[in-house]
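When a residue number appears, it is its place in the shown sequence, counting from 1.
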Amino acid sequence: MRTIVDRNCLLGHGLALIRQQFQLPGDFPAEVLAEAEAVARRPIGEHADATQVDFVTLDPAQSRDLDQAFAIEAAGSDLLLHYAIADVGWFVAPGSALDREAWLRGTSYYLPDGKVPLYPSILCEGAVSLLPDGERAAVVFTVRVDQAGEAKLDGMRRARIRSRAKLAYETVREDELPAGFAELTDRVEAAELARRAARVEPPEQEVVQDNGHFQLQLRPQSWAERKNAALSLATNLAVADALLQAKTGLFRTMGKPQDWAVKRLRHTARALGLDWPKPESLEQLERRLDPERPADAAMMLAIRRASPAAGYEPYRDGVKPWHAAVAATYAHATAPLRRLADRYVVEAALAVANGQPAADPGVFERLPDVMQKADALSGQIAHAVIDLAEAVVLTGREGSTFDAVVTDVDERGARIQICSPAIVARIKTDGLKPGDALRVRLDSADAERRTVQFSIAS
């Protein structure tokens with residue numbers, strides 16, 4: 001969710017309750033803030049001079065926690081992606097107050113009314129962020145992308161950089177991007193197709209108010225977001241391969257949707273009016289979904305919800321970590337301002353790339369539990385926000401009827417997909433079976449409890 005017009009304060013009140021329910025931290029402890037103020041003034045040292053490279057950033061317009069900046073260089077038939085990542089490790093020392101607090105939080109948590117950051121804003125939106133207002137400390141990955149889109153880590157170094165521009169997804173023009181951007185992202189996307197990857201980037205849900213009524217909308221990724229994601233993907237794939245060869249690291253893993261989940265998705269597709277022939281696989285369907293079409297966008301979101309939760313696994317001898325959606329061995333290294341684990345993966349990759357042993361490999365045994373708890377909490381918050389948004393959108397429409405399709409039935413009743421707006425709810429089974437089309441009536445919508453209740457319309 002992104003844009004909210006909340007004149008009646010239903011969402012604002014509900015979001016405050018969500019923060020309270022999940023005991024999200026507020027301000028940082030005094031010792032953490034004091035340490036952040038001190039390290040924010042730390043001089044950039046032990047960094048090579050890369051200020052002559054024309055780095056730019058590409059993020060949402062309002063973002064100030066900028067993890068990544070990039071530049072692109074031709075190298076024969078290959079393209080070199082110079083991917084600068086905020087050097088969080090230069091400012092946050094292991095065992096420091098900042099580090100201890102980051103281990104408690106695990107990640108930044110995002111809600112429509114603001115985020116709960118991993119690090120104090122003086123760092124994540126100031127001294128460490130790759131803003132275009134001066135020199136910044138970075139770890140620069142050099143990733144070689146060949147004509148087939150295969151990415152390989154050519155080298156890494158600590159470097160001082162200066163971003164030339166803060167480009168925004170909402171307004172960027174293609175002629176503002178570095179030469180080679182379109183070619184490089186096209187190559188990475190072609191390699192995804194060749195791997196038969198099923199990486200789904202669903203649209204975000206938005207709640208807006210129109211003529212006094214809330215409307216739930218799906219906002220697909222812009223072309224700039226989709227293209228920019230290819231840069232992170234290539235870098236994370238290259239880092240994962242380097243760490244796997246060095247027999248160390250932390251990897252992001254994910255399984256495929258189970259058969260029962262795919263069956264449910266077929267009913268969801270029917271509810272949304274999508275043609276999904278039986279011989280066509282889920283992966284084939286995903287490749288032809290267009291996020292600009294509302295029904296396709298809703299289907300993309302349903303696929304994401306049906307997929308198993310991703311996890312973290314440390315290196316194990318004889319085990320090849322696998323991420324089914326990416327169809328490759330994969331790691332997270334490109335968002336250290338927002339994820340605790342990325343800082344350690346960056347430091348390990350930096351050591352490996354320069355022929356040094358990764359420091360304290362035991363940290364990768366401890367991180368999965370912390371990160372999975374943080375991911376689980378983030379998921380619970382996201383579900384709570386969606387439930388709240390759906391209840392707010394339907395408030396005032398009690399008694400209205402909607403077209404729906406049953407997607408599955410279990411001991412808790414029948415799960416239904418409302419055709420418009422794209423809302424998932426439950427009703428009593430009453431002999432229903434998956435695939436049944438029906439008309440349902442909204443009996444109640446309670447924003448306070450984040451619940452909606454439907455019944456079969458007579």
Side-chain angles (χ1 to χ4, degrees), residues 1-5 55-72 79 81 83-84 108 110-112 114-115 129-132 145 149 163-193 197-208 210 215-236 272 285-305 325-326 332 334-335 337-338 382 385-386 389 421-422:
M1 294 176 57
R2 209 174 174 94
T3 302
I4 295 179
V5 180
F55 284 102
V56 298
T57 62
L58 181 57
D59 296 273
Q62 75 278 11
S63 294
R64 288 188 56 82
D65 52 343
L66 309 184
D67 290 286
Q68 311 128 6
F70 61 91
I72 298 169
L79 292 172
L81 168 63
Y83 211 46
S108 296
Y110 293 87
L111 289 88
K115 69 183 178 189
S129 177
L130 302 182
L131 293 162
V145 180
S163 173
R164 297 295 191 267
K166 181 181 183 291
L167 304 177
Y169 292 145
E170 298 89 338
T171 59
V172 66
R173 302 189 312 269
E174 292 190 46
D175 60 4
E176 295 177 298
L177 293 162
F181 177 84
E183 173 64 21
L184 190 149
T185 56
D186 285 348
R187 290 183 182 189
V188 174
E189 291 170 355
E192 282 195 274
L193 288 175
R199 187 169 57 94
V200 177
E201 297 297 337
E204 293 182 354
Q205 282 184 301
E206 292 184 332
V207 179
V208 296
D210 181 27
Q215 297 292 325
L216 183 64
Q217 300 178 352
L218 294 173
R219 187 191 68 82
Q221 280 193 329
S222 67
W223 68 269
E225 286 178 274
R226 294 195 298 271
K227 293 292 185 180
N228 193 43
L231 305 185
S232 290
L233 176 65
T235 303
N236 286 326
L272 296 171
L285 170 69
E286 288 177 282
R287 284 198 287 271
R288 63 179 178 83
L289 291 176
D290 181 356
E292 298 294 335
R293 293 195 292 261
D296 288 24
M299 189 66 191
M300 293 173 72
L301 192 60
I303 292 170
R304 170 59 62 86
R305 289 175 173 172
V326 178
H332 271 169
T334 56
L337 287 174
R338 289 167 275 175
V385 169
I386 290 171

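- With hydrogens and angles disregarded, a donor-acceptor distance shorter than 3.5 Å links the side chain of K166 to the backbone of S63.
- Residues satisfying the ring pair (Phe, Tyr, Trp, His ring centres under 6.0 Å) test with Y83, not counting sequence neighbours, are none.
- The heavy-atom pair separating E183 from L79 by the smallest distance is CG-CD1, 3.6 Å.
- Other residues, nucleotides and ligands contribute more than 12 heavy atoms inside 6.0 Å of the CZ atom of R287.
- The minimum heavy-atom distance linking Y169 with S222 is given by the pair CB-OG, 3.9 Å.
- A pairwise comparison of heavy atoms in L337 and D65 identifies CD1-C, 4.0 Å as the closest pair.
- Here the side chains of L289 and I303 are in contact, with some heavy-atom distance below 4.5 Å.
- The side-chain hydrogen bond (donor to acceptor under 3.5 Å, both in side chains) check on R164 picks up D54, with sequence neighbours excluded.
- A search for side-chain hydrogen bond (donor to acceptor under 3.5 Å, both in side chains) contacts involving D67 returns R338, not counting sequence neighbours.
- Residues forming a salt bridge (Lys or Arg N to Asp or Glu O under 4.0 Å) with R173 (at least two apart in sequence, or on another chain): D175, E176.
- Across all non-hydrogen atoms, the minimal contact from A191 to G149 is CB-O, 3.6 Å.
- In this structure, CG in D59 is found 10.0 Å from CD in E225, a value given to the nearest 0.5 Å.
- Note that CG of D290 is 8.5 Å distant from CE of M300, once rounded to the nearest 0.5 Å.
- In terms of modelled atom types and a separation under 3.5 Å, the side chain of Q68 and the main chain of S232 share no donor-acceptor contact.
- Rounding to the nearest 0.5 Å places CG of L177 at 6.0 Å from CG of L167.
- In terms of the ring pair (Phe, Tyr, Trp, His ring centres under 6.0 Å) criterion, residue partners of F181 (sequence neighbours excluded) are, by chain and number, F70.
- With sequence neighbours excluded, the residues that form a side-chain hydrogen bond (donor to acceptor under 3.5 Å, both in side chains) with K227 are D186, E189.
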Inset, instruction - Under the side-chain contact (heavy atoms from CB on, under 4.5 Å) rule, what do L58 and L231 come out as? Steps first, then yes or no, please. - result: CA-CA 11 Å; L58 181 57; L231 305 185; over 6 Å; no

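- Taking each heavy atom of D296 and R288 in turn, the nearest pair found is OD2-O, 4.1 Å.
- The minimum heavy-atom distance linking A165 with S163 is given by the pair O-OG, 3.2 Å.
- In this structure, OG on S129 lies 3.5 Å from CG on L66, to the nearest 0.5 angstrom.
- Separation of atoms OG1 (T57) and CG (N228) is listed at 9.0 Å; rounding is to 0.5 Å.
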